[in-house]
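For the numbers below, each heavy atom of this structure counts, side chains included, while hydrogens, waters and symmetry mates do not. Naming: A, B, ... by sequence-line order, numbering from 1 per chain.
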Amino acid sequence: MAFMPELPEVENVCIGLNRSVVGQTVARVSVRRADVVRGLCRPRNLLRGQAIQRIDRLGKQFALVGKRSVGGEASGSPACVCIHLGMTGSLRFYPSGQRLKPDNHTHIVWQLEGGGKMAFRDPRRFGGLWTFDSVASLEASRWSKLGEDALTITPGKLHAGLTTTRRAIKAALLDQAVVAGLGNIYVDELLFGCGISPLRPGSEVSRPDSRLLVRRMRALLAKAIRLGGSTLRDYVNATGQSGGFQGQHQVYGRSGETCNICGKALVSTTIAGRTTVYCPGCQN
DNA sequence: CCTTAATCCTGGAAGC
DNA sequence: TGCTTCCAGGATTAAG
């Protein structure tokens with residue numbers, strides 16, 4: 001069992017970083033593993049000398065948005081670092097005085113004026129950083145390929161994305177171009193909550209189904225955010241605390257166990273290359 | 001259009 | 001106990 005930073009985990013880190021690092025200036029950037037950075041890997045592209053203006057999020061990705069000081073190096077439009085945590089990534093803040101002991105998996109460390117630090121760590125390196133001149137160029141290139149965020153997508157948009165394909169609904173919901181932010185855990189939980197089989201073709205999703213999916217999706221994600229995300233193994237939020245959502249799982253990781261609603265055995269199969277668990281009694 | 005499989009990578013778990 | 005093997009997964013790419 002591995003951990004996946006999906007939308008709720010990313011949102012919690014985002015909230016934490018917005019409280020802890022926004023407004024602070026980056027004094028120094030240590031690049032301990034350059035190959036986790038795609039794009040121009042130079043300190044100035046990783047916000048050195050800039051104040052962190054805000055942290056944006058779309059789906060499972062963050063953007064650290066810098067603000068170049070007037071008269072500083074290349075003043076003008078802000079620079080921007082997009083971060084994807086992959087499966088095992090974390091972005092943690094260490095307040096001034098708290099010790100950071102970097103290990104082999106600590107790839108990037110931002111030293112902040114004032115003494116705090118922020119560190120990107122990712123043992124399996126499925127995650128990474130992408131550098132951009134500005135938020136606008138991130139949005140025009142990388143983020144333009146993503147669908148609407150799972151917290152704000154409308155039933156109409158979701159319905160349009162699902163019904164134009166004959167793919168299984170599970171495969172469509174995992175597709176970040178349809179809706180951004182869902183991964184394997186939450187798709188399985190969402191489909192169980194809606195009584196929809198993960199195998200159902202997207203073309204057979206009704207408008208009421210789409211409305212139900214959006215309602216449940218928001219509730220599920222909001223609850224997971226409130227509980228601090230799903231900690232399976234590696235996940236910690238911006239301050240290093242683990243989440244409390246994993247105890248809430250109805251189907252994920254419960255193959256062969258009994259359904260909490262009808263008592264039938266939960267079934268495991270593979271859809272779109274992903275382990276999928278569902279209840280054959282409750283979902284159709 | 002769709003699916004499958006391989007790729008990247010590490011560490012936990014299971015098997016002998 | 002200490003090996004080896006398998007497996008997990010997000011995103012991308014190639015092949016069928």
Side-chain angles (χ1 to χ4, degrees), chain A residues 1-11 13 32-39 57-63 82-91 102-108 120-130 138 141-147 149-150 160-191 197-205 221 224 229-236 242-243 245-246 249 251-257 266 268-278:
Chain A
M1 200 186 285
F3 152 72
M4 290 162 291
E6 298 184 30
L7 189 150
E9 292 76 15
V10 175
E11 175 67 11
V13 178
R32 301 165 54 86
R33 252 202 98 104
D35 63 3
V36 301
V37 181
R38 337 290 162 91
R57 181 189 61 76
L58 177 55
K60 306 173 192 173
Q61 303 182 31
F62 304 100
C82 177
I83 300 177
H84 194 311
L85 296 177
M87 283 187 59
T88 55
S90 64
L91 192 61
D103 62 9
N104 286 342
H105 304 307
T106 306
H107 306 312
I108 310 281
F120 172 72
R121 184 174 179 275
D122 185 13
R124 295 192 193 174
R125 306 209 298 279
F126 278 20
L129 286 73
W130 288 257
L138 165 63
S141 52
R142 192 172 165 78
W143 280 6
S144 66
K145 298 182 192 113
L146 299 179
D149 190 85
L162 292 176
T163 50
T164 52
T165 177
R166 249 166 294 158
R167 281 188 297 179
I169 185 173
K170 159 107 186 200
L173 289 171
L174 283 174
D175 185 345
Q176 303 297 297
V178 172
V179 52
L182 299 179
N184 209 30
I185 298 177
Y186 292 104
V187 170
D188 279 10
E189 295 299 319
L190 174 64
L191 290 172
S197 167
L199 298 155
R200 191 195 297 180
S203 52
E204 292 174 21
V205 175
L221 295 171
S230 299
T231 298
L232 296 185
R233 182 145 292 119
D234 305 310
Y235 171 75
V236 287
S242 57
F245 188 68
Q246 68 278 10
H249 295 158
V251 286
Y252 182 84
R254 298 193 62 232
S255 175
E257 296 178 35
L266 299 175
S268 178
T269 185
T270 300
I271 301 174
R274 297 281 164 263
T275 301
T276 302
V277 184
Y278 67 101

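For the pair A:Tyr252 OH and C:dG10 P, the interatomic distance rounds to 8 Å; values are reported in whole Å. Here B:dC9 presents its C1' atom at 9 Å from CE of A:Met87, a figure rounded to the nearest Å. In this structure, CZ of A:Arg167 is placed 12 Å from P of B:dT4, rounded to the nearest angstrom. In this entry the distance linking NE2 of A:His84 with P of C:dG9 reads 15 Å, nearest Å. Spacing between atom CG of A:Asp122 and atom C1' of B:dT10 amounts to 10 Å, rounded to whole angstrom units. Between the CG atom of A:Asp175 and the P atom of B:dC2 there is a distance of 10 Å, given to the nearest Å. For the pair A:Ile271 CD1 and C:dG10 C1', the computed distance is 17 Å after rounding to whole Å. As rounded to whole Å, 19 Å separates atom P of C:dG10 from atom CZ of A:Arg125.
Applying the 4.0 Å criterion to OP1 and OP2 of C:dG10, one finds that A:Tyr186 has every side-chain N and O outside that range. For C:dG9, neither phosphate oxygen OP1 nor OP2 lies less than 4.0 angstrom from any side-chain nitrogen or oxygen of A:Arg124. For B:dG11, the OP1/OP2 oxygens have a side-chain nitrogen or oxygen of A:His105 closer than 4.0 Å. Residue A:Thr165 has no polar side-chain atom (N or O) positioned under 4.0 Å from OP1 or OP2 of B:dC1. Contact check, A:Lys145 against C:dT12: no side-chain N or O comes under 4.0 Å of OP1 or OP2. Regarding contacts with the backbone of C:dA11, a side-chain N or O of A:Gln176 is found under 4.0 angstrom from either OP1 or OP2. Remark: A:Thr275 is in phosphate contact with C:dG9, judged by side-chain N or O atoms under 4.0 Å from OP1 or OP2.
The stacking criteria are not both satisfied for A:Phe126 over the base of C:dA11, which would need a centre-to-centre distance under 5.5 angstrom and an angle between ring planes under 30 degrees.
When the nucleotides B:dC2, B:dT10, C:dG9 are ranked by their closest atom to the side chain of A:Pro123, B:dT10 comes out on top. Which of C:dA11, B:dT10, B:dC8 sits closest to the side chain of A:Lys60 comes down to C:dA11.
Residues A:Ile83 and A:Leu91 form a side-chain contact, since some pair of their non-hydrogen atoms from C-beta on lies under 4.5 Å apart. Contact annotation: the side chain of A:Leu7 approaches that of A:Arg57 to within less than 4.5 Å [non-hydrogen atoms, C-beta and beyond].
The backbone N or O of A:Val187 sits nowhere less than 3.5 Å from a side-chain atom of A:Asn184 that would complete a donor-acceptor pair. Judged purely by atom type and a 3.5 angstrom limit, A:Gln176 uses its side chain to pair as donor or acceptor with the backbone of A:Leu182.
The 12-atom threshold is not exceeded at CG of A:Asn104, counting heavy atoms of other residues, nucleotides or ligands nearer than 6.0 Å.
At the heavy-atom level, A:Arg166 lies under 4.0 Å from the strands shown only through sugar-phosphate atoms.
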